[in-house]
A.B. asks: 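Structure provided below as structure tokens; questions to follow.
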Amino acid sequence: QSALTQPPSASGSPGQSVTISCTGTSSDVGGYNYVSWYRQNPGKAPEAVIYEVTKRPPGVSARFSGSKSGNTASLTVSGLQVEDEADYYCSSFAGNNIYVFGTGTTLTVL
Amino acid sequence: EGQLLESGGGLVKPGGSLRLSCAGAGMDFNNYPMAWVRQAPGKGLEWVSAISGAGGGGFYADSVKGRFTISRDNSNSTLFLQMHALRVEDTAVYYCTKIRGINWWDPWGQGSLVTVSS
């Protein structure tokens, strides 16, 4: 149950796009289409922005999109806005009712 | 989609026990699996445990297996986490969350801080 690997930080200017990667193994990310992404503001609980690799929960902006290739999943935030600044975590199902989270990425909007 | 409210956190000595509760309101609680996720101070999220909608045996991260027990009382829409043999490294904010789909966690509670220290 090793954590999925994310870059510690990512940044972009308002209006730009930024992509955050999430690398696992064939036992988690690569083995299932059950990757989700969570945004967490300081002192707050996480909230889902993507589930099942590409799906957006109700109310989440279409600026958020997800994808996966092999053992790496990605979250892309388009048209960056200041309010997108937050910590982002990926998560994957790993079989046998086991789940794993990523190491987290702090997104800064310059 | 309702709310989840955790309680039961606090300060406990190493080797001690604590029981967390999570009450669900305004949601379909009984038909969904539930989970606990924790976050150590300044650190990332860590899945701790999950349980099916019907209850029964739980599933655990290796870091807590044999020390923590998850359970639920569907008649009162409440989730529990019984923690024994607590270690300093168990210090964290513990969140309860509903598993809406496989690996889709929503909503989340506000979190309950557990501090293990002598």
Side-chain angles (χ1 to χ4, degrees), chain A residues 1-9 20 22 24 27-60 66 68 73 86-106, chain B residues 1-6 9 22 24 27 32-66 68 70 89 92-113:
Chain A
Q1 297 172 9
S2 299
L4 307 175
T5 300
Q6 298 180 233
S9 62
I20 300 171
C22 169
S27 296
D28 37 62
V29 175
Y32 306 92
N33 287 322
Y34 293 119
V35 174
S36 52
W37 289 88
Y38 300 85
R39 172 176 56 196
Q40 187 180 34
N41 292 114
K44 301 294 187 182
E47 56 179 345
V49 293
I50 293 288
Y51 69 100
E52 291 180 14
V53 179
T54 61
K55 298 178 180 178
R56 280 187 307 276
V60 172
K68 192 186 85 166
D87 291 330
Y88 289 84
Y89 294 90
C90 61
S91 174
S92 178
F93 179 65
N96 296 317
N97 290 285
I98 301 298
Y99 305 87
V100 61
F101 280 92
T103 50
T105 299
T106 298
Chain B
E1 190 49 43
Q3 291 185 322
L4 295 167
L5 184 63
E6 300 97 338
C22 169
M27 66 172 59
Y32 286 87
M34 297 288 295
W36 290 96
V37 176
R38 69 184 181 184
Q39 187 170 35
K43 302 297 184 182
L45 301 173
E46 180 189 15
W47 171 73
V48 173
S49 182
I51 188 169
S52 68
F59 305 93
Y60 303 93
D62 288 344
S63 57
V64 305
K65 198 173 295 182
F68 290 12
I70 191 172
E89 55 265 35
V93 173
Y94 285 72
Y95 295 100
C96 66
T97 180
K98 176 178 170 180
I99 307 177
R100 290 185 66 176
I102 298 178
N103 200 42
W104 177 17
W105 320 74
D106 177 73
W108 295 63
Q110 87 290 349
S112 184
L113 177 62

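Note on naming: letters A, B, ... go to the chains in the order of the sequence lines (proteins, then strands), and numbering restarts at 1 for each one.
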A.B. asks: Tell me if the aromatic rings of B:Y95 and B:W105 count as close, with their centers under 6.0 Å from one another.
C.D. replies: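 So the answer is no for these two rings.
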
A.B. asks: What pairs with A:T103 under side-chain hydrogen bond (donor to acceptor under 3.5 Å, both in side chains), at least two apart in sequence or on another chain?
C.D. replies: none

A.B. asks: Nearest 0.5 Å, what's the CH2-SG distance between B:W108 and B:C22?
C.D. replies: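 Answer rounded to 0.5 Å: 11.5 Å.
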
A.B. asks: Distance from B:I99 atom CD1 to A:N97 atom CG, nearest 0.5 Å?
C.D. replies: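 Between B:I99 CD1 and A:N97 CG, I get 8.0 Å after rounding to 0.5 Å.
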
A.B. asks: Is A:I20 close to A:W37 at the side-chain level, that is, under 4.5 Å between some pair of heavy atoms?
C.D. replies: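 Sidechains of A:I20 and A:W37: in contact.
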
A.B. asks: Quick check on B:V93 against chain A: is it the side chain, the backbone, both or neither that has a heavy atom closer than 4.5 Å?
C.D. replies: neither

A.B. asks: What residues of residues 87-96 of chain A make heavy-atom contacts with chain B at a cutoff under 4.5 angstrom?
C.D. replies: A:Y89, A:S91, A:S92, A:F93, A:N96

A.B. asks: Counting only heavy atoms not in B:Q110, do more than 12 sit closer than 6.0 Å to its CD atom?
C.D. replies: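 Atom CD in B:Q110 is crowded, with more than 12 foreign heavy atoms closer than 6.0 Å.
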
A.B. asks: Determine which residues belonging to residues 43-53 of chain A lie within contact range of chain B, meaning some heavy atom pair is under 4.5 Å apart, and list them by number or answer 'none'.
C.D. replies: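 Checking residues 43-53 of chain A against chain B gives A:K44, A:A45, A:P46, A:A48, A:Y51.
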
A.B. asks: In Å, rounded to the nearest 0.5 Å, how long is the span from CG of B:D62 to CD1 of A:I98?
C.D. replies: 7.0 Å

A.B. asks: Just so I know, are the side chains of B:M27 and B:P107 near enough to count as touching, which here means a heavy-atom distance under 4.5 Å?
C.D. replies: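 Touching, per the 4.5 Å side-chain cut-off.
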
A.B. asks: Can you say whether A:Y38 sits under 4.5 Å from chain B via the side chain, the backbone, both, or neither, judging by heavy atoms?
C.D. replies: side chain

A.B. asks: Considering only heavy atoms, which portion of A:Q40 lies under 4.5 Å from any heavy atom of chain B: side chain, backbone, both, or neither?
C.D. replies: side chain

A.B. asks: Could you tell me whether a side-chain N or O of A:T105 sits under 3.5 Å from a main-chain N or O of A:S9, the two making a donor and an acceptor?
C.D. replies: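 Pair absent, no side-chain N/O of A:T105 close to backbone of A:S9.
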
A.B. asks: Sub-3.5 Å donor-acceptor pair from the side chain of A:K68 to the main-chain atoms of A:Y32, do we have one?
C.D. replies: yes

A.B. asks: Given side-chain contact (heavy atoms from CB on, under 4.5 Å), test A:Y99 with B:V37 step by step and report yes or no.
C.D. replies: CA-CA 10 Å; A:Y99 305 87; B:V37 176; over 6 Å; no

A.B. asks: Are A:S2 and A:V100 side-chain neighbours, meaning at least one heavy-atom pair lies under 4.5 Å?
C.D. replies: no

A.B. asks: Within residues 48-59 of chain B, which residues come under 4.5 Å of chain A, heavy atom to heavy atom?
C.D. replies: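 Within residues 48-59 of chain B, the residues under 4.5 Å from chain A are B:A50, B:F59.
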
A.B. asks: Is it the case that the side chain of B:E6 and the backbone of B:G111 share a donor-acceptor pair, with hydrogens and angles ignored and the cut-off at 3.5 Å?
C.D. replies: yes

A.B. asks: Would you say B:L4 and B:M34 make side-chain contact, with heavy atoms under 4.5 Å?
C.D. replies: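 When only atoms from C-beta onward are counted, B:M34 and B:L4 do touch, with a gap below 4.5 Å.
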
